[in-house]
Amino acid sequence: MLVKTYGAAVQGIDAIEVTIEVSVDKGIGVAIVGLPDAAVKESQERVRSALKQLGMEFPRHHVVVNMSPADVRKEGSAYDLPIAVGISVAAGLVTVPILDGYLLMGELALDGSVLPIKGALPMAIMARAKGYKGMILPAANVREAAVVNRLDVYGVSHLSEVFEILSGTSKITPTVIDTRAEFEKGDDIAGLDFCDVKGQEQVKRALEVACAGGHNILLVGPPGAGKSMMAKRVPTILPPFTLAEALETTKIHSVAGKLKRGSMLMTRRPFRSPHHTISPVALVGGGTDPMPGEISLAHNGVLFLDEFPEFSRGVLEVMRQPLEDRHITISRAKYTIDYPAGFMLVASMNPCPCGYYNHPTKPCNCPPGAVQKYLNRISGPLLDRIDLQVEIFPVPFKELSDTAPAEASESIRRRVIAARKIQQQRFASSRDVHCNAMMTPAMLRQYAMPDAEGMQRLEAAIKKFDLSARAYDRILKVARTIADLDGVPTIGKEQIMEAISYRNLDRSTWGTV
């Protein structure tokens with residue numbers, strides 16, 4: 001007897017349909033074909049044990065399981081459930097009249113329990129697009145998949161519950177979630193706040209500008225100046241997720257298996273802070289079993305790289321293309337996968353190996369040339385891609401001991417949201433541009449040209465600091481964001497001068513003493 005069940009395979013952050021054909025005929029042995037990996041081939045032992053717990057005997061016939069399309073590699077243990085159902089029906093162990101129209105995915109334990117899987121959200125999106133009536137998956141993943149409306153999503157804890165649903169005798173009902181209501185209810189910010197940061201008003205302003213325009217920023221200062229403290233608070237002043245951004249980000253974390261059990265949509269922008277010993281593959285993604293890297297897990301959020309020069313040169317250089325294109329294409333001999341990587345880079349570093357170059361009270365103990373050598377660990381092309389380079393100095397005792405609270409994150413966030421709304425209206429006709437940092441050269445000429453006096457100041461700075469064409473573009477983008485925060489339509493000398501002041505490392509005198 002030939003029976004078909006349906007599952008899904010994840011490619012990148014999307015899912016494709018997989019048809020599991022099961023044939024039980026005369027003979028002996030089990031053959032699983034269709035490019036399965038070792039975990040899929042081992043499913044027969046898990047299925048055998050799970051069926052035994054239900055009082056069913058695994059068929060003593062020749063069982064062939066074909067997974068189509070056969071040229072797509074099937075990975076992981078999530079195919080246990082469709083394989084178990086297919087074998088049971090094909091062998092006549094159970095009768096299920098409504099098998100067609102349901103997508104099944106889940107890992108089986110030896111006692112028949114259904115265990116969590118990765119990628120439930122993209123699978124549910126694909127199931128609805130393909131016209132499936134419903135989806136049966138582990139109870140731990142049901143809220144994640146139920147955000148997809150117009151699809152009956154059943155969460156099960158045991159294989160017996162799957163047979164009950166497919167036979168029409170189950171009391172389990174589809175999980176229904178009001179996605180928009182849950183999303184809006186979850187939009188809150190707790191814990192960290194900029195009101196905890198004493199002083200550093202110039203740096204706070206730079207971070208506000210960076211968040212308002214989606215710009216990358218590098219903080220340079222001595223130990224204890226507050227670089228990490230402020231970087232960790234950046235998500236609290238970013239605009240809240242849109243529903244589309246939340247869905248896209250949740251898909252990435254679902255595929256990577258980073259969602260908490262029972263969670264639904266992500267409502268807070270991600271903040272990823274990998275250690276400087278990270279490998280290039282862990283940062284950009286890929287591997288033997290391709291998975292999203294840190295730059296993709298930070299999509300629509302913040303990637304914080306502390307101790308920036310301590311990252312290996314190879315790790316830093318692989319970010320150059322994603323910083324420009326906002327996506328990463330991983331090409332290997334057996335696959336090519338595209339992951340989104342639209343993150344805001346926040347990096348921090350000491351100014352020199354000892355950490356006290358330019359410190360107002362502590363002398364720098366580095367030998368001659370060490371400061372420039374330390375900075376040279378970061379290539380010029382990569383520095384060019386960082387819009388704001390801000391030098392930080394220690395907070396004076398008077399400001400540090402002040403008991404009055406500083407400006408709260410919510411207040412800064414309101415200004416950032418107002419500036420983003422201006423940009424949304426400006427780029428309403430463009431699908432791929434949402435903020436000033438994403439402007440194309442043509443858009444720069446249209447929206448970011450300063451007035452005559454501002455252009456004179458910019459020309460003088462370009463000649464004095466010998467800035468590159470990319471740095472010229474970056475200054476104009478930052479100046480456009482400053483003008484949006486100031487609520488003025490035209491970029492003047494004040495906006496240009498402030499934007500130039502955020503290019504500290506471009507100064508020819510920096511690091512030469």
Side-chain angles (χ1 to χ4, degrees), residues 200 202-203 206-207 210 215-228 230-231 274-278 280 283 303-324 345-395 457-475 477-478 497-513:
Q200 303 292 14
Q202 181 186 1
V203 184
L207 290 170
H215 303 289
N216 303 315
I217 184 170
L218 172 62
L219 307 177
V220 185
K227 303 185 296 295
S228 299
M230 286 185 282
H275 193 259
H276 62 258
T277 55
I278 189 172
L283 186 68
L303 177 67
F304 176 46
L305 301 184
D306 200 6
E307 306 297 343
F308 201 38
E310 302 301 328
F311 286 80
S312 71
R313 186 68 172 253
V315 168
L316 295 180
E317 293 306 301
V318 297
M319 288 198 304
R320 283 162 57 172
Q321 179 261 336
L323 282 171
E324 288 286 327
L345 175 64
V346 179
S348 70
M349 60 177 284
N350 294 328
C352 65
C354 79
Y356 296 107
Y357 174 74
N358 270 358
H359 196 283
T361 59
K362 295 184 179 181
C364 175
N365 299 319
C366 299
V371 178
Q372 192 61 43
K373 184 178 180 182
Y374 190 69
L375 181 62
N376 286 344
R377 293 185 183 183
I378 308 168
S379 68
L382 184 58
L383 275 179
D384 264 356
R385 287 169 167 81
I386 300 177
D387 303 355
L388 294 89
Q389 306 158 4
V390 183
E391 194 167 6
I392 302 179
F393 297 98
V395 181
R457 297 296 177 97
L458 179 57
E459 181 182 5
I462 293 292
K463 291 179 179 178
K464 180 178 180 180
F465 301 132
D466 193 24
L467 301 180
S468 68
R470 185 179 282 114
Y472 166 83
D473 287 352
R474 293 293 193 264
I475 290 173
K477 290 179 181 180
V478 172
M497 290 174 64
E498 183 178 351
I500 293 171
S501 72
Y502 297 137
R503 303 293 299 185
N504 287 23
L505 300 188
D506 286 332
R507 298 174 184 175
S508 57
T509 57
W510 200 95
T512 57
V513 179

Exercise. Evaluate the criterion side chain to side chain contact (heavy atoms under 4.5 Å, CB included) for residue pair Glu310 and Arg377; output intermediate values, then yes/no.
Key: CA-CA 8 Å; Glu310 302 301 328; Arg377 293 185 183 183; 3.4 Å; yes
Quiz item: Which atom names give the shortest non-hydrogen contact between Ala206 and Leu388, and what distance separates them?
Solution: O-CD2, 3.6 Å
Exercise. Working to the nearest 0.5 Å, report the span between CG of Asp473 and CG of Asp387.
Key: 10.0 Å
Quiz item: Taking the side chain as C-beta and beyond, is there a heavy-atom pair between Glu307 and Asn350 under 4.5 Å?
Solution: yes
Self-check item: Partners passing side-chain hydrogen bond (donor to acceptor under 3.5 Å, both in side chains) against Asp306 (at least two apart in sequence or in another chain)
Solution: Ser228, Ser348
Quiz item: Can you tell me how far CD1 of Ile462 sits from CZ of Arg457, rounded to the nearest 0.5 angstrom?
Solution: 14.5 Å
Practice problem: Examine distances only and state if a side-chain atom of Gln200 and a backbone atom of Phe393 form a donor-acceptor pair shorter than 3.5 Å. | Solution: yes
Quiz item: How would you list, by chain and number, every residue that makes a ring pair (Phe, Tyr, Trp, His ring centres under 6.0 Å) with Phe311, sequence neighbours excluded?
Solution: none
Exercise. Could you tell me which non-hydrogen atom of Pro274 sits nearest to which non-hydrogen atom of Leu303, and how far apart they are?
Key: CD-CD1, 3.8 Å
Quiz prompt | Contacts of Gln321 that satisfy side-chain contact (heavy atoms from CB on, under 4.5 Å) - sequence neighbours left out | solution = Asp325, His327, Ile328
Quiz item: Measuring from Leu305:CG to Met349:CE, what's the distance to the nearest 0.5 Å?
Solution: 12.5 Å
Practice problem: Would you confirm whether Arg503, through its side chain, and Val390, through its main-chain N or O, come within 3.5 Å as a donor-acceptor pair? | Solution: no
Exercise. Tell me, please, which residues at least two apart from Glu459 pass salt bridge (charged side-chain N to carboxylate O under 4.0 Å, His left out).
Key: Lys463
Quiz prompt | side-chain contact (heavy atoms from CB on, under 4.5 Å) partners of Ala370, counting only residues at least two apart | solution = Cys366, Pro367
Quiz item: Hey, what do you get for CZ (Phe304) to CE (Met230), rounding to the nearest 0.5 Å?
Solution: 10.0 Å
Contacts under 3.5 angstrom, residues 216-225 side chains, donor-acceptor by atom type, not counting sequence neighbours:
unit_1 : atom_1 : unit_2 : atom_2 : d
Asn216 : OD1    : Leu345 : N      : 2.9
Asn216 : ND2    : Arg385 : O      : 3.2

Self-check item: side-chain hydrogen bond (donor to acceptor under 3.5 Å, both in side chains) partners for Tyr356, two or more places apart
Solution: none
Quiz item: Taking only residues two or more places apart in sequence, or in another chain, which ones meet His276 in a side-chain hydrogen bond (donor to acceptor under 3.5 Å, both in side chains)?
Solution: none
Exercise. Could you note down all residue pairs passing salt bridge (charged side-chain N to carboxylate O under 4.0 Å, His left out) where residues 348-375 supplies at least one of them, sequence neighbours left out?
Key: none
Quiz item: Leu382: what forms a side-chain contact (heavy atoms from CB on, under 4.5 Å) with it, not counting sequence neighbours?
Solution: Phe308, Leu316, Glu317, Arg320, Leu323, Ile378, Ser379
Quiz item: Who are the side-chain hydrogen bond (donor to acceptor under 3.5 Å, both in side chains) partners of Asn376, not counting sequence neighbours?
Solution: Gln372
